[in-house]
Participant: 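Structure provided below as structure tokens; questions to follow.
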Amino acid sequence: QMSGFDYLIGKKCSYQAEDREFECQIIGFEYITEDKPPYDAHVLVKLLPFENADADDVNDMLDGVSLSSIIGIQTE
């Protein structure tokens, strides 16, 4: 199991969903490798939103969203 991003747990970030953006805290990562060629690997980011989002968005964030939809990760 990779743990390359675990140091980001607890950091604040922004999640871009369609035409909206949510301020969130990173609560975990899930690493998925596909079981057939080309064996793509995906990193899902589990998020806790700081603001009111509708239930579908919140469920998506808690289940894990694509790393590419995360911007502005707090680095300090």
Participant: In this structure, which one of L67, I26, I73 forms a side-chain contact (heavy atoms from CB on, under 4.5 Å) with F5?
Facilitator: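 The option that passes is L67.
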Participant: Please answer: with hydrophobic residues joined when any side-chain heavy atoms are less than 4.5 Å apart, are F29 and L62 in the same cluster?
Facilitator: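 Per the 4.5 Å side-chain linkage, F29 and L62 are not co-clustered.
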Participant: May I ask whether V58 and Y15 are part of the same hydrophobic cluster, defined by side-chain heavy atoms of I, L, V, M, F, W, Y residues being less than 4.5 angstrom apart, directly or through others?
Facilitator: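 They do not share one cluster, since no chain of ILVMFWY contacts under 4.5 Å joins V58 to Y15.
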Participant: Quick one: does any side-chain atom of Q16 pair with a main-chain N or O of S69 as donor and acceptor, under 3.5 Å?
Facilitator: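 The answer is no, because no donor-acceptor pair under 3.5 Å joins these two groups.
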Participant: State, to 0.1 Å, how close T75 and K11 come at their nearest heavy-atom pair, and which atoms those are.
Facilitator: O-NZ, 3.8 Å
Participant: Determine the minimum heavy-atom distance between T33 and Y39, stating which atoms define it.
Facilitator: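 That closest heavy-atom pairing would be CG2-O, 3.8 Å.
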Participant: Minimum heavy-atom separation for M61 and A53, please, with both atom names.
Facilitator: CE-CB, 4.1 Å
Participant: More than 12 foreign heavy atoms under 6.0 Å from CG of N52: is that the case here?
Facilitator: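 Incorrect, the count does not exceed 12.
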Participant: Closest heavy-atom contact between S68 and S66?
Facilitator: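 Shortest heavy-atom contact: OG-OG, 2.7 Å.
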Participant: Please answer: with hydrophobic residues joined when any side-chain heavy atoms are less than 4.5 Å apart, are L47 and I9 in the same cluster?
Facilitator: yes
Participant: One thing to verify: whether E30 and K46 come together as a salt bridge, which I'm taking to mean a side-chain N less than 4.0 angstrom from a carboxylate O.
Facilitator: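 Salt bridge present between K46 and E30.
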Participant: Testing the basics here: between I70 and V65, what is the closest heavy-atom pair and its distance to 0.1 Å?
Facilitator: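 What the structure gives for the nearest pair is CD1-CG2, 3.8 Å.
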Participant: SG of C13 to CZ of F50: how many Å apart, nearest 0.5 Å?
Facilitator: 8.5 Å
Participant: Measuring from atom CZ of F22 to atom CG of D60, what distance do you get when rounded to the nearest 0.5 angstrom?
Facilitator: 9.5 Å
Participant: Hydrophobic clusters here meaning ILVMFWY residues chained together by side-chain heavy-atom distances under 4.5 Å, can you tell me if V43 and I27 are in one?
Facilitator: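 As far as the 4.5 Å side-chain criterion goes, I27 and V43 are not connected within one cluster.
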Participant: Between S14 and E23, do the side chains contain an N or O donor and an N or O acceptor separated by less than 3.5 Å?
Facilitator: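 Yes - a donor-acceptor pair under 3.5 Å links their side chains.
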